[in-house]
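Okay, structure first, notes after.
Everything numeric here is computed off the predicted structure, so don't read it as measured data.
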Amino acid sequence: MRSLIDIFDLSVEELDELIHTANDIIEHPAAYAEKCKGKKLATLFFEPSTRTRLSFEAAMLELGGSVIGFSEASSSSASKGESVADTAKVISCYADIIAMRHPKEGAPFVAAQNATIPVINAGDGGHNHPTQTLTDLLTIYREKGRLNDLTVGFCGDLKYGRTVHSLISALTRYTGIKIVLISPEELRIPSYVRYDDLEKNKMDYIETESLEAALPELDILYMTRIQRERFADPFVYERLKDSYILTPEKMALAKSDMAVLHPLPRVNEISVQVDKDPRACYFKQVSNGKYIRMALILRLLESLDEAEHTDENAEYIRGSLQCKNPSCITSVEQELEHIFKITDKENHICRCIYCERKELIKEI
């Protein structure tokens, strides 16, 4: 059973295929109007969302299918203590495909392990958001005509921004990419992203606190909001929330064909005056999200008989370690077995299979 939990569940060829299909849907929508007739999408949103949930629902409806589900955890049996695994098993009896958002990292992975239908990760905590990454790639391709040879700037919350982490991971698969990381010291990119994605893949990247200094060289500017919900200390949030505000005056420093992306919602990090600039692509990005999700739903429903990719040579540690990440799904669902995948045997590094938190162990 194929599911999409991480952007690396898709090969570069599959990414190209999805972008091609999405472009074809944009050009010939009538040809896809009944592709999912008789099929049901279950949207399981344990965390609030507007754009992502409605984008999935619009995608399925425009394919001729129907939608069931819930928009908050209190509307589900999770409020009674039902596990993610049991929820996935139950919903598999009602629907043909699941889109799940959950505040705990690794929850969609658990769902995919227990469902008998495909599961799409629609965001799990600060961990992954692969369909936003697909949306971003489609938008970049439609605006620039390529996914190679680009200078991409990420600005704002790079520590907690799952959309940033996923897009950086995806861009490591393309050539000629330079990454510019723009953030205050407290919100710099996590060390595991820097090591696993940038340094391990020998990516060209720089870190800076100055948006104005970075703007002239960028082909893509990916703005993000400072996320109140990711901060344990509200005073830290208040201090950092206005670190970067993109204005028409700052846009004057940029290339005439630079594209501005934002996963939305925005607060005040992009002035509404920038909306009038033809380089502002974030509302196009919203529309592109519907089309790429249409392409993904079609792809997963067409591949029901395909087995999920597994690394037969991987080594695992079971039971002897516990994940220390308080945002991991194992922190709230005690029945889950703690399993770590050995990712670097020479340096004694393993990762939780749910949230991918890195652990160092003395002996392997």
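Residues Glu217 and Ile206 have side chains in contact (heavy-atom distance under 4.5 Å, counting atoms from C-beta outward). The closest side-chain heavy-atom distance from Leu187 to Leu158 is not below 4.5 Å. Between Leu264 and Phe283, some side-chain heavy-atom pair lies under the 4.5 Å cut-off. Side-chain contact between Pro130 and Phe8: absent, with no pair of heavy atoms (C-beta onward) separated by less than 4.5 Å. The side-chain heavy atoms of Thr247 and Ile245, taken from C-beta on, include a pair separated by under 4.5 Å. Using a 4.5 Å heavy-atom threshold, the side chains of Ile177 and Asn148 count as separate. Residues Arg293 and Thr52 are in side-chain contact: their nearest non-hydrogen atoms beyond the backbone lie under 4.5 Å apart. With a 4.5 Å cut-off on side-chain heavy atoms, Leu261 and Leu221 do not count as touching.
Qualifying side chain to side chain donor-acceptor pair (under 3.5 Å) partners for Arg279, counting only residues two or more places apart in sequence or in other chains: Asp277. Qualifying side chain to side chain donor-acceptor pair (under 3.5 Å) partners for Asp96, counting only residues two or more places apart in sequence or in other chains: none. The salt bridge (Lys or Arg N to Asp or Glu O under 4.0 Å) check on Glu207 picks up Arg188, Arg194, with sequence neighbours excluded.
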### Task
Using the side-chain contact (heavy atoms from CB on, under 4.5 Å) rule, take Cys355 and Ile329 through it: C-alpha gap first, then chi angles, then the decisive distance, then the call.
CA-CA 8 Å; Cys355 69; Ile329 187 64; over 6 Å; no

### Task
Carefully, step by step, assess Glu212 and Lys250 under the rule salt bridge (Lys or Arg N to Asp or Glu O under 4.0 Å).
CA-CA 7 Å; Glu212 291 87 341; Lys250 291 175 184 174; 3.7 Å; yes

#### Entry: Step-by-step salt bridge (Lys or Arg N to Asp or Glu O under 4.0 Å) determination, Lys324 to Glu359
CA-CA 9 Å; Lys324 300 182 182 68; Glu359 293 288 344; 3.4 Å; yes

### Query
Given the rule in the side-chain contact (heavy atoms from CB on, under 4.5 Å) test, do Asn23 and Tyr141 qualify, once you have shown the distances and angles that lead to the verdict?
CA-CA 10 Å; Asn23 280 318; Tyr141 183 84; 3.8 Å; yes

### Query
So Tyr282 and Asp275, side-chain contact (heavy atoms from CB on, under 4.5 Å) or not? Walk me through it.
CA-CA 9 Å; Tyr282 30 89; Asp275 297 354; 2.6 Å; yes

### Query
Do Arg299 and Leu4 pass the side-chain contact (heavy atoms from CB on, under 4.5 Å) test, and can you show the C-alpha distance, the side-chain angles, and the key distance before you say yes or no?
CA-CA 11 Å; Arg299 177 72 181 90; Leu4 177 63; over 6 Å; no

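Taken from CD1 in Ile98 to OG1 in Thr43, the straight-line distance is 10.5 Å, to the nearest 0.5 Å. With rounding to the nearest 0.5 angstrom, the CD atom of Glu335 is 10.5 Å from the OG1 atom of Thr330.
For the residue pair Asp6 / Asn128, a side-chain donor-acceptor distance below 3.5 Å is found, with atom types taken as modelled. A donor-acceptor contact under 3.5 angstrom links the side chains of Tyr32 and Asp24, judged on distance only. Glu82 and Thr87 form a side-chain donor-acceptor contact under 3.5 Å, judged by distance and modelled atom types alone. Checking Tyr205 against Glu199 by side-chain atom types alone, a donor-acceptor pair falls below 3.5 Å. Between the side chains of Thr172 and Asp197, no donor-acceptor pair of N or O atoms lies under 3.5 Å. A donor-acceptor pair shorter than 3.5 Å cannot be found between the side chains of Arg225 and His262. In this model, no donor atom of one side chain and acceptor atom of the other lie less than 3.5 Å apart for His102 and Glu47. Checking Thr139 against Asn288 by side-chain atom types alone, a donor-acceptor pair falls below 3.5 Å.
Judged purely by atom type and a 3.5 angstrom limit, Arg142 has no side-chain atom pairing as donor or acceptor with the backbone of Gly145. Panel note: side chain Asn325, backbone Ser327; a donor-acceptor pair is recorded below 3.5 Å. A side-chain donor-acceptor contact under 3.5 Å links Glu14 to the backbone of Ser11. For Glu337 (side chain) and Arg318 (main-chain N/O), no donor-acceptor pair under 3.5 Å exists by modelled atom type.
Scanning all heavy atoms of the two residues, the minimum distance from Phe340 to Cys352 falls at CD2-N, 3.3 Å. Heavy-atom minimum distance, Asp124 versus Pro108: CB-CD, 3.5 Å. Closest approach of Ile297 and Cys36 over heavy atoms only: CG2-SG, 4.1 Å. The shortest heavy-atom contact between Leu218 and Met258 is O-CG, 3.6 Å. Closest of all the heavy-atom pairs between Glu143 and Ala259 is CB-CB, 4.3 Å. Scanning both residues, His338 and Leu321, for their nearest heavy atoms gives CB-O, 3.1 Å.
When Thr133, Val286, Leu167, Thr163 are each tested for a side-chain contact (heavy atoms from CB on, under 4.5 Å) with Pro263, only one passes: Thr163.
The number of heavy-atom neighbours closer than 6.0 Å to NZ of Lys144, taken from other residues, nucleotides and ligands shown, is above 12. With a 6.0 Å radius and a threshold of 12 heavy atoms from other residues, nucleotides or ligands, Tyr94 has its OH atom at or below the threshold. A 6.0 Å sphere centred on CD of Glu34 holds no more than 12 heavy atoms belonging to other residues, nucleotides or ligands. Enclosure of atom NZ in Lys290 by more than 12 non-hydrogen atoms of other residues, nucleotides or ligands within 6.0 angstrom is indicated.
Aromatic ring pairs are classed by plane angle as parallel below 30°, tilted from 30° to 60° and perpendicular above 60°; the pair Phe154 and Tyr222 is tilted.
Grouping the Ile, Leu, Val, Met, Phe, Trp and Tyr side chains by contacts below 4.5 angstrom, directly or via other members, places Phe45 apart from Leu54. Connection of Val260 to Val272 is not established within any shared hydrophobic cluster, with ILVMFWY side chains joined at heavy-atom distances below 4.5 Å, either directly or through further cluster members.
Taking the ring axis of Tyr195 as reference, the NZ or CZ atom of Lys358 stays within 45° of it and closer than 6.0 Å to the ring centre.
For Lys345 and Glu315, the salt-bridge test passes: some basic side-chain N is under 4.0 Å from an acidic carboxylate O.
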